[in-house]
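Everything on this sheet refers to the single structure shown next.
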Amino acid sequence: MRVVVLDFETASACDLKLSGAWRYAEDPTTDVICASVTVNQHDSFLWTPNHVNSTQRLNALAADPETIFVAHNAGFEKAIWRRIMVPVLGFPDIVNSRWHDTMAVCAMRRIPLDLEHAAKVLNLPQQKDSEGSKITLGLSKLSKKGWYDRSAEKLLRTYQYCMQDSNTEVALLDEIGYLPEGERDVWLMDQKINERGVRIDKEFVRRAQQVIAGTQAPLLREFAGLTGGLKPTQVDKVKGWVEREGYWLPDLKKETLARVLGSVESTEKGEDFYGHDLPDLPAMPDRVARAMAIRALLGSASIKKLARMDACAGMDGRARGLVQYHAAGTGRWGGRLLQPQNFPRGTGKHDPDAAVAAILTGDHEWVQTLLGEPTAVVQNSLRHALVANPGRALVAGDFSGIEMRVVLALAGQHDKTALLATGKDVYVDMADDIYKKPKGTTTKKDIAERTIGKNTVLGCGFQMGWQTFKRRYCPDQTDEFAQGVVSAYRKEWAPEVPKLWYALDEAALDTVRTGEPHEAYGVEFSIDGRWLVARIPSGRKLWYFNPQLRRKRMPWYTEENPDVREVWTFQTQKMGQWITVDAYGGILTENVVQALARDLLVHAMFLCERENMPVVLTVHDEIVIEPLMKDAKFSTLEQIMTETTKWAKGIQVPIAVEGWVAERYRK
DNA sequence: GTACTCTGCGCC
DNA sequence: AAACGGCGCAGAGTAC
């Protein structure tokens with residue numbers, strides 16, 4: 001078997017970042033400049049399209065079924081191969097099973113995904129040539145006269161850059177190797193999903209943009225008129241204006257504005273993770289209130305998804321490459337390009353069909369008359385732009401409250417998993433404990449109590465403290481109330497769960513301290529090179545880079561109670577930054593539970609693929625499929641998702657699935 | 001111009 | 001005993 005490390009350099013008028021690899025590779029202006037080809041880690045050559053000798057060599061490698069191709073973000077190399085190398089330049093295809101992706105391994109091992117930072121963090125002997133990268137990007141830029149500058153000198157520099165990239169990739173492959181068998185299968189499925197894509201209703205996108213264009217210009221003008229020429233997105237400047245108007249706001253978040261405008265709509269606000277304390281404020285001057293109402297409406301960038309859908313949809317109307325394998329350290333997929341994982345969910349009140357029909361007129365006044373504020377209607381309908389092929393349907397299923405269910409099962413809180421298995425409402429059961437009432441007293445009609453119970457069950461499984469609970473879910477209640485809630489969860493409702501936190505905390509810390517493996521609740525911690533590895537009950541491993549011991553003042557440290565302990569830290573990426581974070585029981589529990597929930601999802605996704613129900617999207621606890629059968633039913637998917645694995649049966653995870661069948665994506 | 005940080009917003 | 005989990009994208013502002 002031969003291993004080829006392959007890296008293309010390309011140039012195009014199409015914006016790769018904006019449109020994604022598949023749309024980019026289809027673009028008529030996209031040119032392949034060169035490729036570096038490294039055989040068995042040492043034998044390198046440069047391929048260029050018109051060079052006979054290198055073309056023959058590359059052709060022979062591609063034609064050999066025993067040769068595998070390694071790339072960093074193989075999806076890109078594959079898109080170029082399938083859309084250009086095969087159909088335009090006559091190379092033989094390379095099937096998915098012959099591709100390997102070092103980026104996927106970086107993702108699995110929780111180090112930065114981009115080659116430059118991965119090489120840096122790992123201290124590889126070969127680093128990326130960042131200057132060459134800029135010159136290569138320059139090949140895609142038109143000069144002022146409308147020419148591409150692709151002089152011999154620039155091309156030569158690009159070739160050098162390409163060869164150095166290859167060196168870095170070879171060093172990376174040496175260091176991190178391949179995906180283990182199970183994850184290899186997940187990645188292969190990921191590639192299928194990304195290549196399959198999701199169909200975009202381009203007509204709908206166009207009409208929605210018309211509606212937006214018609215409705216937003218006057219609002220922007222009005223906002224500028226009120227504020228002296230500002231845009232609603234200029235946060236600092238708008239805050240300054242508000243102050244000059246004699247008012248004060250801590251920030252311009254939608255939630256804050258909703259509170260001061262007195263228009264907090266639903267009681268489900270408890271879902272919001274980041275509520276905050278607002279002092280009692282005087283009434284807002286009318287012009288400020290009007291400006292803030294416009295800001296609340298136009299502050300969301302979600303309608304930008306429309307342009308992105310347009311940019312990403314390929315010639316056949318499908319957008320590809322929308323999900324990233326193992327983007328989260330726990331293994332969950334991340335969303336890419338038009339980010340299909342954070343579509344506004346809508347109020348739940350709107351009828352998708354009515355909204356779509358109104359938007360399809362492209363007439364913002366009609367939308368306004370029929371359904372209200374057009375911007376809001378379009379925002380809430382964005383997800384409906386994802387559609388099934390004609391004559392087919394989308395089917396979706398999601399695991400309800402899956403993390404709450406897994407944490408209870410893993411902790412061995414059998415009374416509660418049994419209660420869940422009966423289908424009873426556990427939130428009211430929790431509320432009985434919080435309000436110290438006999439079991440069965442609280443009912444679904446006690447909305448406020450049930451919401452507190454719900455937030456407790458969903459929120460307290462991972463060591464959340466009372467301060468956080470209060471801030472998020474009941475800022476108007478007393479400290480004692482919030483303390484009582486957290487205590488009811490830990491002492492009365494799910495006393496097994498805290499034991500899980502402490503056991504994982506201790507086992508992981510002992511492993512870092514001694515370098516020897518330690519186990520708790522079926523989670524085996526060990527050291528593997530520069531990582532701490534947690535092997536979870538599904539058999540999969542979670543990776544923590546560069547574990548280090550340190551002494552730490554605990555969050556509750558005071559002069560009277562100077563609590564300093566030994567903890568361990570690891571490095572990870574947060575908001576694009578490579579940072580060191582502290583590990584503790586709650587976070588480890590959260591990670592393990594989220595990872596197990598992901599594995600339940602993956603298991604169901606495999607079954608879907610096997611049963612001819614192609615997966616087109618995954619949103620953490622949700623699967624969307626586009627079955628080939630015309631009369632697809634939700635019950636088939638439900639059955640698949642309820643069919644759990646051996647390990648899940650072992651710890652008795654009570655599964656519940658909800659879903660729908662429709663022509664368009666919905667919630 | 002490009003890269004980076006910060007705020008804000010949306011999701012599970 | 002005690003602890004704010006996981007993401008990606010857009011726009012503004014700033015540094016280079």
Side-chain angles (χ1 to χ4, degrees), chain A residues 17-18 130 133-134 137-138 141 230-239 251-257 271-275 295-296 298-305 307-308 322-324 326-346 379-380 382-383 398-403 407 458-469 471-472 483 486-487 490-491 498 501-502 505 552 554-558 561 563 565 567 572-577 581-595 597-598 601 618-622 667:
Chain A
K17 274 209 162 64
L18 192 69
S130 41
S133 165
K134 284 183 189 130
L137 290 173
K141 299 267 149 45
L230 298 179
K231 290 192 278 185
T233 45
Q234 293 176 292
V235 177
D236 283 343
K237 288 178 180 163
V238 171
K239 256 200 284 194
D251 55 57
L252 299 185
K253 292 179 187 179
K254 211 171 186 175
E255 164 75 1
T256 310
L257 298 181
E271 302 269 356
D272 182 8
F273 270 34
Y274 298 95
R295 151 83 199 174
L298 304 190
S300 163
S302 61
I303 53 155
K304 289 292 151 60
K305 286 188 194 291
R308 207 73 141 98
L322 299 188
V323 291
Q324 167 65 48
H326 214 301
T330 54
R332 300 216 291 208
W333 275 265
R336 287 289 136 97
L337 304 174
L338 59 96
Q339 210 338 21
Q341 294 179 331
N342 75 343
F343 280 116
R345 313 181 69 224
Q379 281 172 356
N380 293 337
L382 285 169
R383 62 177 63 224
D398 70 275
F399 290 120
S400 4
I402 189 63
E403 292 187 11
V407 77
L458 296 179
C460 288
F462 308 113
Q463 217 170 353
M464 183 192 290
W466 65 266
Q467 293 95 334
T468 303
F469 189 92
R471 192 169 58 242
R472 273 188 199 173
Q483 285 160 0
V486 172
S487 160
R490 295 180 182 181
K491 300 238 168 68
W501 307 334
Y502 305 135
D505 198 35
K552 179 191 177 183
M554 304 312 277
W556 48 88
Y557 176 99
T558 56
N561 178 23
D563 197 353
R565 295 186 195 179
V567 299
T572 188
Q573 213 154 11
K574 242 189 178 80
M575 309 217 303
Q577 308 267 57
V581 300
D582 296 325
Y584 62 90
I587 216 173
L588 295 173
T589 305
E590 154 73 17
N591 284 184
V592 168
V593 166
Q594 190 180 104
R598 176 269 201 184
L601 194 83
T618 153
V619 190
H620 314 309
D621 62 3
E622 176 187 13
K667 194 64 227 172

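Only this structure's heavy atoms are used, side chains among them; waters, hydrogens and symmetry mates stay out.
K552(A) comes within contact range of at least one nucleobase, with a heavy-atom separation under 4.0 Å. When heavy atoms are screened at a 4.0 angstrom cut-off, I402(A) is found touching no nucleic acid atom at all. Heavy atoms of S300(A) sit under 4.0 angstrom from primed sugar atoms or phosphate atoms, though from no base atom. Using a 4.0 Å heavy-atom distance criterion, R295(A) is classed as a sugar-phosphate-only contact. Q324(A) comes within 4.0 angstrom of nothing in the nucleic acid, heavy atoms only. Note on N380(A): nothing from the nucleic acid sits closer than 4.0 angstrom, heavy atoms only. Nucleic acid contact class of D563(A) (heavy atoms, under 4.0 Å, all strands): base. No contact: K491(A) has no heavy atom under 4.0 Å from any strand. When heavy atoms are screened at a 4.0 angstrom cut-off, G329(A) is found touching the sugar-phosphate backbone but no base atom. Y584(A) comes within 4.0 angstrom of a nucleotide base, judged by non-hydrogen atoms across all strands.
No donor-acceptor pair closer than 3.5 Å links the side chain of E590(A) to the backbone N or O of F462(A). With hydrogens and angles disregarded, a donor-acceptor distance shorter than 3.5 Å links the side chain of T589(A) to the backbone of G585(A). A side-chain donor-acceptor contact under 3.5 Å links R383(A) to the backbone of P344(A).
With respect to the salt-bridge test (charged N to carboxylate O, under 4.0 angstrom), the residues K667(A) and E622(A) qualify.
The nearest pair of heavy atoms linking G334(A) to Q341(A) is C-OE1, 3.3 Å.
Comparing dG6(C), dC9(B), dC12(B) by their closest approach to the side chain of A328(A) singles out dG6(C).
OP1 or OP2 of dC11(B) has not a single side-chain nitrogen or oxygen of R383(A) nearer than 4.0 Å. Checking the phosphate oxygens (OP1, OP2) of dG6(C), no side-chain nitrogen or oxygen of T330(A) falls inside 4.0 Å.
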Query raised in the report: Which parts of nucleotides 9-16 of chain C does protein reach within less than 4.0 Å, heavy atoms only, written one letter per nucleotide 5' to 3' as B for base, S for sugar-phosphate only and - for none?
Result: SSSSS---

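Rounded to a whole Å, the CD atom of Q341(A) is 12 Å from the C1' atom of dG10(B). The nearest whole Å value for the distance from the CD atom in Q379(A) to the P atom in dG8(B) is 17 Å.
Counting heavy atoms from C-beta on, the side chains of S302(A) and L382(A) come closer than 4.5 Å.
A cation-pi contact, defined as under 6.0 Å to the ring centre and within 45° of the axis, links K305(A) to F343(A).
Between N591(A) and W466(A), the one whose closest nucleotide on DNA chain C sits nearer the 5' end is W466(A). Toward the 5' end of DNA chain B, the nearer of the two residues P344(A) and Q577(A), judged by each one's closest nucleotide, is Q577(A).
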